[in-house]
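Heads up: the structure comes next, in structure tokens.
Note that the numbering runs from 1 along the sequence shown for the chain.
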Amino acid sequence: MKIKAALLAISAAALLAACSPAADKSGAPPADAASTAPVELKAPAGVYAMDPTHASLQWSIAHNTISNYTARFNTFAAKITLDPANLANSTVEATIDPASVDANYPADYVGAHAASGFKSWSEDIAKNKNFLNAGAFPQITFKSTKVELTGPRTAKVTGDLTFLGVTKPVTLDATFNGELEKHPFMQVPAIGFAAEGRFKRSDFGMAVGPVGDEVTIRFDAEFIKEAAPAAAAAPAA
């Protein structure tokens with residue numbers, strides 16, 4: 001019986017070996033590794049500032065359970081510190097002015113909401129203590145803490161979102177859209193990124209009613225490389 005068991009084990013091993021792919025002795029990475037290898041950037045390392053004339057920041061939220069309401073911010077800024085040799089070491093920081101929210105409300109807001117005390121739906125969202133409360137919290141910030149590559153042009157960017165005085169981790173799905181070795185007007189390197197993510201308003205202390213809890217944010221922008229800071233002059237002898 002022991003001999004029979006040994007023969008069965010040897011036969012099974014031989015069958016598995018025959019079905020397994022042959023070892024690649026060339027030293028080349030597996031075929032699927034090429035599909036997830038990061039894009040080789042030509043853009044040099046450094047700090048890239050968002051071009052506000054080519055950027056958008058939108059958010060959407062469920063409304064009355066029957067639609068997705070979308071608005072945008074008009075004033076925001078972002079910087080990327082790029083490490084093309086190791087993209088996981090790159091960082092991003094962003095600041096948003098909540099008072100700049102643009103609801104694009106075409107109806108007669110004052111006529112329909114006379115008791116609100118606000119002149120527009122945009123002002124209501126921005127200043128209302130139940131919403132963005134910009135008077136008490138005049139800035140929303142995001143600062144990355146981790147960049148995890150997920151494909152040749154994609155990554156998960158996790159960072160600290162500070163909103164309404166509360167800081168929570170939020171993960172964005174980022175996409176590298178492309179690069180320019182020399183911007184046609186700025187004459188310096190430029191890169192483009194998009195990002196999308198979700199978070200719950202209730203995590204930051206907002207009450208949930210007819211407006212949904214989960215917020216989806218979408219960001220698209222071009223970034224222009226900043227000039228390196230001038231070297232400090234050597235002290236006089």
Side-chain angles (χ1 to χ4, degrees), residues 47-52 54-65 67-81 88 90-105 109 113 116-148 150 154-175 192-223:
V47 177
Y48 289 73
M50 187 193 82
D51 175 4
H54 295 89
S56 66
L57 178 59
Q58 296 182 322
W59 53 266
S60 62
I61 193 168
H63 183 256
N64 288 334
T65 71
S67 69
N68 289 314
Y69 180 79
T70 301
R72 62 179 291 154
F73 290 106
N74 289 329
T75 304
F76 55 97
K79 283 188 177 183
I80 292 176
T81 301
S90 301
T91 61
V92 59
E93 295 185 23
T95 59
I96 304 164
D97 178 4
S100 73
V101 69
D102 184 351
N104 190 29
Y105 188 85
Y109 177 80
H113 303 81
S116 74
F118 298 106
K119 298 178 181 179
S120 69
W121 182 221
S122 295
E123 184 182 44
D124 193 339
I125 295 174
K127 296 181 179 180
N128 194 316
K129 293 181 180 180
N130 293 323
F131 296 123
L132 300 183
N133 199 5
F137 305 101
Q139 194 174 73
I140 302 169
T141 64
F142 177 83
K143 185 174 183 179
S144 68
T145 55
K146 180 182 179 182
V147 176
E148 180 184 4
T150 57
T154 59
K156 288 190 177 295
V157 180
T158 300
D160 291 329
L161 175 66
T162 300
F163 175 48
L164 297 176
V166 178
T167 300
K168 296 278 188 179
V170 170
T171 298
L172 306 176
D173 291 313
T175 301
F193 280 90
E196 185 172 307
R198 295 170 179 80
F199 65 89
K200 291 184 176 181
R201 298 188 300 128
S202 57
D203 287 343
F204 294 85
M206 294 183 75
V208 179
V211 178
D213 191 11
E214 186 174 78
V215 179
T216 298
I217 53 176
R218 171 75 187 183
F219 171 77
D220 286 274
E222 297 178 11
F223 292 79

Check T75, V101, L57 against I96 for a side-chain contact (heavy atoms from CB on, under 4.5 Å) and give me the one that passes. L57
Tell me yes or no: between the side chains of T171 and T158, is some donor less than 3.5 Å from an acceptor? yes
Between T70 and W59, does the side-chain contact (heavy atoms from CB on, under 4.5 Å) criterion hold? Intermediate values first, please. CA-CA 6 Å; T70 301; W59 53 266; over 6 Å; no
Closest contact, heavy atoms only, A99 versus A134: N-CB, 3.9 Å
Between F73 and Q58, is any pair of side-chain heavy atoms under 4.5 Å apart? no
Nearest 0.5 Å, please: how far is CG in L161 from OG1 in T141? 7.0 Å
Is there side-chain contact between K127 and F118, with heavy atoms separated by less than 4.5 Å? yes
Looking only at non-hydrogen atoms, find the nearest pair between A55 and R72 and report the distance. O-NH2, 4.1 Å
Which heavy atom of W121 sits nearest to which heavy atom of A103, and what is that distance? CD1-CB, 3.5 Å
Taking atom types as modelled, find out whether T91 and S144 have a side-chain donor-acceptor pair closer than 3.5 angstrom. no
Those residues at least two apart in sequence (or on a different chain) that pass side-chain hydrogen bond (donor to acceptor under 3.5 Å, both in side chains) with Y105 are none
Please determine whether side-chain contact (heavy atoms from CB on, under 4.5 Å) holds for the pair E214 and F199, giving the CA-CA distance in whole Å, both sets of side-chain angles, and the decisive distance to 0.1 Å. CA-CA 6 Å; E214 186 174 78; F199 65 89; over 6 Å; no
Within-4.5 Å side-chain heavy-atom neighbours: P210 and H63: no
Not counting sequence neighbours, which residues clear ring-ring contact (aromatic ring centres under 6.0 Å, His included) with H54? List them please. none
Any carboxylate oxygen within less than 4.0 angstrom of a Lys/Arg side-chain nitrogen, looking at D203 and R201? no
Is there a side-chain contact between F223 and D51 (heavy atoms, below 4.5 Å)? no
Less than 4.5 Å apart, any side-chain heavy atom of I217 and any of L172? yes
How close do V147 and A155 get, counting heavy atoms only, and between which atoms? CG1-CB, 4.1 Å
Which value, rounded to the nearest 0.5 Å, describes the distance between I125 atom CD1 and D102 atom CG? 9.5 Å
Find out whether F219 and M50 are in side-chain contact, i.e. whether some heavy atom of one side chain is under 4.5 Å from a heavy atom of the other. yes
Supply the atom-to-atom distance T81 OG1 to E93 CD, rounded to the nearest 0.5 angstrom. 7.0 Å
With rounding to the nearest 0.5 Å, note down the distance linking CD in E196 to CG in D220. 9.0 Å
Determine, stepwise, if the pair M206 / L164 fulfils side-chain contact (heavy atoms from CB on, under 4.5 Å). CA-CA 9 Å; M206 294 183 75; L164 297 176; 3.2 Å; yes
For Y109 and D124, which I'm curious about, is there any donor-acceptor pair between the side chains at under 3.5 Å? yes
Show your working on side-chain contact (heavy atoms from CB on, under 4.5 Å) between F163 and F137 and close with a plain yes or no. CA-CA 8 Å; F163 175 48; F137 305 101; over 6 Å; no
Atom pair CG/CD of L132 and E123 - distance to nearest 0.5 Å: 12.5 Å
For a quick check under 3.5 Å, do D160 and T167 share a side-chain donor-acceptor pair by atom type? no
Can you measure from OG (S122) to CG (N74) and round to the nearest 0.5 angstrom? 8.5 Å
How close do A49 and K79 get, counting heavy atoms only, and between which atoms? CA-CG, 4.2 Å
Listed by chain and number, what are the salt bridge (charged side-chain N to carboxylate O under 4.0 Å, His left out) partners of K156, not counting sequence neighbours? D173
Validation row: N128, N133 side chains within 4.5 angstrom (heavy atoms): no
